[in-house]
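Okay, so here's the structure we're looking at.
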Number of protein chains: 2
Amino acid sequence: MVSNYRGHLGGIIKQQRVSLYLTLQEIAAKSGVSASHLGRIERGERFPSAHILQRIAKPLGFEEDELFTLAGYLSPQSPMVAEKSPAYGGDRLDPYVARVLAQEPVDTQRAVIGILAILKSIAKSIS
Amino acid sequence: MVSNYRGHLGGIIKQQRVSLYLTLQEIAAKSGVSASHLGRIERGERFPSAHILQRIAKPLGFEEDELFTLAGYLSPQSPMVAEKSPAYGGDRLDPYVARVLAQEPVDTQRAVIGILAILKSIAKSIS
DNA sequence: ATTGTAATTCGCCAAGTGGCAAATGTCAAA
DNA sequence: TTTGACATTTGCCACTTGGCGAATTACAAT
């Protein structure tokens, strides 16, 4: 097993639950996660998977990404998200190119840079 | 087992990996996740835990939250993250695509959409 | 104290994850 | 064709997760 993160998310969850005056069973009912499992998570005997985290976030009053961050799965702030004004990198992506590409489905956009990668590797092997 | 999300992230990961010309072993080396496991993930035989997702995000050119969203662990609340856009022409440029393209000279960027235009006209004449 | 009831913890185990090593596939060079 | 060097897939299995039901605990109200 490689995974070795063993952050004590349990303490955070317990504190949050208690401060909301919720019982394990209530959280269980709202989240669909068994109370016994929740209990073990709280006292650090189990380390919840992403699915479980996702389900218990709202019942505990967390946003999903908030809880994921607390759990150590996400860095405090992800740079790309929340960025909005000079959307596309700004500095070097030609705005016209951005506009044209943005009209294509994402699959197509990705295919396009896939083609670019192919061409570059061909060019490289030639030179 | 309650969790029943079984979106095949594998297809996305594979497409991304191939478009970047990376082998499973290279991703394995960069991420610390075994190549065999990565292979099984790609072909939908395994469903990676959050830890694994976190480790392979960067090597694949994704932001962490981006991959988590694609995996269905986070709701796509950020407008930048690609998800079901209502019909085509979502006017959304995939952040990864933007990042890659921004590294190219503007001439190259424009050449790329020129090629795209050619391909589209070919496709149109075929159908 | 005793009983009743709800909350928590424990024992058990089916199902799933992920690493390692061996097997297999791929493909270019000799 | 054969060899060699990689890349991918498979077999195996240690280990973890998470649910269920049975204890056990907590705590009111008799």
Side-chain angles (χ1 to χ4, degrees), chain A residues 1-60 67-68 70-73 114 117-118 121-122 124-126, chain B residues 1-60 67-68 70-73:
Chain A
M1 221 80 331
V2 167
S3 162
N4 50 5
Y5 167 74
R6 285 299 179 257
H8 39 288
L9 188 59
I12 294 170
I13 290 180
K14 170 143 201 175
Q15 187 173 4
Q16 183 77 3
R17 179 175 69 86
V18 170
S19 74
L20 292 177
Y21 290 94
L22 294 170
T23 67
L24 289 176
Q25 297 188 339
E26 287 169 328
I27 301 289
K30 293 186 184 190
S31 64
V33 176
S34 72
S36 65
H37 192 46
L38 291 173
R40 284 193 254 241
I41 290 170
E42 278 198 349
R43 73 193 101 102
E45 297 172 19
R46 288 289 190 281
F47 301 92
S49 70
H51 284 301
I52 298 292
L53 278 181
Q54 187 179 25
R55 290 162 115 162
I56 65 180
K58 257 60 138 292
L60 283 171
L67 193 52
F68 274 81
L70 289 171
Y73 294 127
I118 294 171
S121 94
I122 292 174
K124 188 176 182 180
S125 68
I126 290 177
Chain B
M1 217 85 329
V2 168
S3 161
N4 51 3
Y5 168 74
R6 284 301 179 255
H8 41 272
L9 189 60
I12 294 170
I13 289 180
K14 171 144 202 176
Q15 186 175 1
Q16 184 76 2
R17 179 174 70 84
V18 170
S19 75
L20 291 178
Y21 281 89
L22 292 171
T23 65
L24 289 175
Q25 298 187 341
E26 287 168 328
I27 301 289
K30 293 185 184 191
S31 64
V33 176
S34 72
S36 65
H37 193 47
L38 291 173
R40 283 194 255 239
I41 290 171
E42 278 197 348
R43 74 192 100 100
E45 297 172 18
R46 288 289 191 282
F47 302 92
S49 70
H51 284 302
I52 299 291
L53 277 181
Q54 188 177 25
R55 290 163 118 164
I56 65 180
K58 258 55 142 292
L60 282 172
L67 192 52
F68 274 81
L70 289 171
Y73 294 127

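Only a predicted model underlies this, so the values are computations on that prediction, with no experimental measurement involved.
- Summarising the geometry of A57(A) relative to L67(A), their closest heavy-atom pair is CA-CD2, 3.7 Å, with the distance given to 0.1 Å.
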Checklist entry - When you look at F47(B) and I41(B), which way does the side chain to side chain contact (heavy atoms under 4.5 Å, CB included) test go after all the steps? => result CA-CA 6 Å; F47(B) 302 92; I41(B) 290 171; over 6 Å; no
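- For the atom pair L60(A) CG and K14(A) NZ, the distance stands at 13.0 Å (nearest 0.5 Å).
- Within the structure, salt bridge (charged side-chain N to carboxylate O under 4.0 Å, His left out) pairs that include any residue of residues 22-39 of chain B do not occur (at least two apart or interchain).
- Using bins of under 30°, 30° to 60° and over 60° for the plane-to-plane angle, the ring pair F68(B)/Y73(B) lands in the tilted bin.
- In this structure, Y21(A) atom OH and dA7(C) atom C1' are separated by 17 Å, rounded to whole Å.
- The nearest whole Å value for the distance from the NE2 atom in H51(B) to the C1' atom in dC15(D) is 14 Å.
- The E45(A) side chain lies nearest to dC10(C) when the options are dC10(C), dG18(D), dG18(C).
- In this structure, CZ of R46(B) is placed 15 Å from P of dA14(D), rounded to the nearest angstrom.
- Among residue pairs with one or both ends in residues 36-53 of chain A, those qualifying as salt bridge (charged side-chain N to carboxylate O under 4.0 Å, His left out) are R17(A)-E42(A), R43(A)-E45(A); sequence neighbours excluded.
- The two residues L53(A) and P48(A) come nearest to each other via the heavy atoms CD2-CG, 4.0 Å.
- For the pair L38(B) and S31(B), the tightest heavy-atom approach, listed with the atom from each and the gap, is CD1-OG, 4.4 Å.
- Taking atom CD1 of residue I13(B) and atom P of nucleotide dG18(C), one finds them 11 Å apart after rounding to whole Å.
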Could you list the protein-to-nucleotides 6-8 of chain D atom pairs, N/O on both sides, closer than 3.5 Å?
residue	atom	partner	partner atom	Å
dA7(D)	OP2	Q25(B)	OE1	2.5
dT8(D)	OP1	R17(B)	NH1	3.1
dT8(D)	OP2	L24(B)	N	2.6

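- Using a 4.0 Å heavy-atom distance criterion, I52(B) is classed as a sugar-phosphate-only contact.
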Next on the checklist: Each nucleotide in nucleotides 20-25 of chain D should get exactly one letter: B, S or -. Can you fill that in based on protein heavy atoms under 4.0 Å?
Outcome noted: BB----
Item to check | V33(A) vs I27(A), side chain to side chain contact (heavy atoms under 4.5 Å, CB included): CA-CA, chis, key distance, verdict | outcome: CA-CA 8 Å; V33(A) 176; I27(A) 301 289; over 6 Å; no
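- For S49(A) and dT16(D), the shortest distance from a side-chain N or O to OP1 or OP2 is not below 4.0 Å.
- The bend of the helix from dA1(C)-dT30(D) to dA30(C)-dT1(D), defined by the angle between the axes of its first five and last five pairs, stands at 10° to the nearest 10°.
- Between the CD1 atom of I27(A) and the P atom of dG18(D) there is a distance of 16 Å, rounded to whole Å.
- As a whole-Å value, the separation of E42(A) CD from dT8(C) C1' is 10 Å.
- Between the Q54(A) side chain and the G72(B) main chain, a donor and an acceptor come within less than 3.5 Å of each other.
- Residues forming a side chain to side chain donor-acceptor pair (under 3.5 Å) with S34(A) (at least two apart in sequence, or on another chain): S36(A).
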